[in-house]
Amino acid sequence: MRVLSNIAGRAVLLVDETAVRWLTRLGEGEAACAGEIVLFRRLALACVAALVAVPAAFTLVLTPALALPVGAALVLSLFLLVVAAVFALPRPAAAPNAGPLPEDVAFDACPGLSLVLDAQGQVVKTGGRDRDAFPANLGDAAGHSLAEIVHVSDRIGFVQAFDALRRGAASAAADIRIERPFSAAGRQFLPVRLDMTAIRDGEGELVSVFAQARDLSEEERLRSEAAAHVAEARSAHEAKSRFLAAVSHELRTPLNAILGFSDVLAGEYFGKLENDRQREYVGLIRQSGAHLLSVVNTMLDMSKIEAGRYELIAEPFAVAEAMETCRAMLDLSAREKGITLTSRASRGLGEIVADRRALQQILINLTGNAIKFTEAGGVVSIDAVLSGDNVVISVSDTGIGIAAEKLEFIGQPFMQVENAYTRSYEGTGLGLSLVKGLVALHGGRFAIASRPGEGTVVTVSLPADGSGVAGRLEETREEKIEFPPRLRKPRQTAMTDEQDFTDARAEAKIA
């Protein structure tokens, strides 16, 4: 029994392998359909059974010698005809596996909310990766007009963008608001950016519109925070300017009294001082008061420049005389440090039109800084030449220099190159800031170049005819600025920083 079972199994396997080879040759592929293999197996078994039954039936009418070949030939012929008819004739294609179309998958995978609109703005289809994050009236808007869902105030913008697509535009965008359901916080609206792309037929007519909606809530929040920070910075800037102006005004009165009384004591107008120690202390009081008054005046000048109330009085004067005055004022301090201070002006320089006091302040600040940061045995030079319509003044030294990464901070108020805990030079960091402001008021240019250990060159270029001053005076006559500045009228100082001899014009407000 087991032997017969094995023989039957081998026979079935042989039939299946034959069917697979045949179906493969017929173009069914390497993996033939299981149903067709079963059908072939049944036909093969029927053929074997017919090979026994048909010849036996023919023996009733024919001799056995003739019935066997005729019956076998007839069965085999019928088998071949049936197989050919079943497998050669066209058969219905197998139904593909049910699944979403690729375009539907891409539509639902788009970020935000995806919409398909017809040519009249009616929503045909909705989808998108973040569909559930949008209000239900927009996510389930199929069959409704999108314009009716948009906030009333934003409908004009949406209609204009949609009309641009009708008139031939390939794409258009509109910022709209969508009403949210009632909540504990009340009725609110969701800000949405709607990007629309036109889909046209062969003749260029608008067939439909693909729209992608993105939630702008986070961008709106960041924009509001940025506006609040800007307003806060402006308010702090104006408060700082107002504070500096008020403090400067309040300090000048007692400082003038300190200087006046110290001069009286030093001159011994009301009696002799008893010893040299008292005279030394009075001198130190006078020196410290003068230094503090200089700082206060600098702060006041900076406040005026930032508030647009620094007044320039343009007049013709000789640059060489201003340079020599500066050299004479600072020559003693330079000699005490063992520094050579020189002043040179090119021939034919003549007179320029500018504010003499402001130019004198520029020269004193630059030269004082050069002396401060130059060691004994160094040289500080003040040079002036005429270049076209501008006078170029440069102050150079052989001092400690400035690192390249620090140059961009030079000229900012209260900014010093050295660390506040390790610096070895005094100062408030307002000198160069005041210089840049005064240069800007003249319509000039400021540049600085330096190398550590080699020295620094500061260059100031001013219009020789005073055109920069005159032009800015004309601009500021149209609008008067209150000083000290008020918080209700925030202003910004328009000045262009320039490093490494750039040529950009510096801007400032003058009154």
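Values below: all heavy atoms of this structure, side chains included; hydrogens, waters and symmetry mates excluded. FYI, the numbering just counts along the sequence from 1.
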Heavy-atom pair of closest approach, residues [X] and [Y]:
X: Ser394; Y: Thr459; answer: CB-OG1, 4.1 Å
X: Gly143; Y: Gln122; answer: O-NE2, 2.8 Å
X: Ala174; Y: Gly157; answer: CB-O, 4.1 Å
X: Ala172; Y: Ala161; answer: CB-O, 3.5 Å
X: Gly444; Y: Leu462; answer: CA-CD2, 4.1 Å
X: Arg200; Y: Ala169; answer: NH2-O, 2.9 Å

Please tell me if the side chains of [X] and [Y] come closer than 4.5 Å, counting only heavy atoms from C-beta onward.
X: Leu165; Y: Met196; answer: yes
X: Leu117; Y: Val124; answer: no
X: Thr197; Y: Val209; answer: no
X: Leu190; Y: Leu138; answer: no
X: Arg177; Y: Val152; answer: no
X: Ser171; Y: Phe210; answer: no
X: Gln120; Y: Ser145; answer: no
X: Val150; Y: Arg155; answer: yes

Worksheet item: Is the shortest side-chain N to carboxylate O distance from Lys125 to Asp108 below 4.0 Å?
Response: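 Here Lys125 does not pair with Asp108 in a salt bridge, since their nearest N and O are not under 4.0 Å apart.
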Output yes when a side-chain donor or acceptor of [X] lies under 3.5 Å from a complementary backbone atom of [Y], and no otherwise.
X: Asp397; Y: Gly399; answer: yes
X: Gln361; Y: Val435; answer: no
X: Ser235; Y: Ala231; answer: no
X: Thr126; Y: Gly139; answer: yes
X: Ser450; Y: Ile402; answer: yes

Practice prompt. Would you check, one step at a time, whether the test side-chain contact (heavy atoms from CB on, under 4.5 Å) holds for Leu363 with Ile393?
Written response: CA-CA 9 Å; Leu363 293 173; Ile393 302 173; 3.7 Å; yes
More than 12 heavy atoms of other residues, nucleotides or ligands under 6.0 Å from [atom1] of [X]: is that the case?
X: Glu232; atom1: CD; value: no
X: Arg451; atom1: CZ; value: no
X: Glu148; atom1: CD; value: no
X: Asp389; atom1: CG; value: no
X: Ile156; atom1: CD1; value: no
X: Ile313; atom1: CD1; value: no

Could you give the distance from [atom1] ([X]) to [atom2] ([Y]), rounded to the nearest 0.5 Å?
X: Phe189; Y: Ser153; atom1: CZ; atom2: OG; result: 8.0 Å
X: His151; Y: Ile176; atom1: NE2; atom2: CD1; result: 11.5 Å
X: Leu146; Y: Leu194; atom1: CG; atom2: CG; result: 6.0 Å
X: Leu222; Y: His229; atom1: CG; atom2: NE2; result: 9.5 Å
X: Asp163; Y: Phe158; atom1: CG; atom2: CZ; result: 11.0 Å
X: Phe446; Y: Leu366; atom1: CZ; atom2: CG; result: 6.5 Å

Practice prompt. Applying side chain to side chain donor-acceptor pair (under 3.5 Å), name anything that partners Ser396, two or more places apart in sequence or on another chain.
Written response: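 If we apply the side chain to side chain donor-acceptor pair (under 3.5 Å) test to Ser396, skipping adjacent residues, there are no hits.
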Practice prompt. Identify the residue among Asp130, Asp175, Asp195 that makes a salt bridge (charged side-chain N to carboxylate O under 4.0 Å, His left out) with Arg214.
Written response: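 The residue from Asp130, Asp175, Asp195 that satisfies salt bridge (charged side-chain N to carboxylate O under 4.0 Å, His left out) with Arg214 turns out to be Asp195.
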Item to complete: Test Arg445 against Asn390 for side-chain contact (heavy atoms from CB on, under 4.5 Å), laying out the working first.
Response: CA-CA 10 Å; Arg445 295 186 291 268; Asn390 298 326; 3.4 Å; yes
Item to complete: Carefully, step by step, assess Val192 and Leu216 under the rule side-chain contact (heavy atoms from CB on, under 4.5 Å).
Response: CA-CA 5 Å; Val192 173; Leu216 296 182; 5.8 Å; no
Item to complete: I would like to know whether Asp118 and Ser208 meet side-chain contact (heavy atoms from CB on, under 4.5 Å); could you show each step before the answer?
Response: CA-CA 4 Å; Asp118 60 15; Ser208 60; 5.6 Å; no
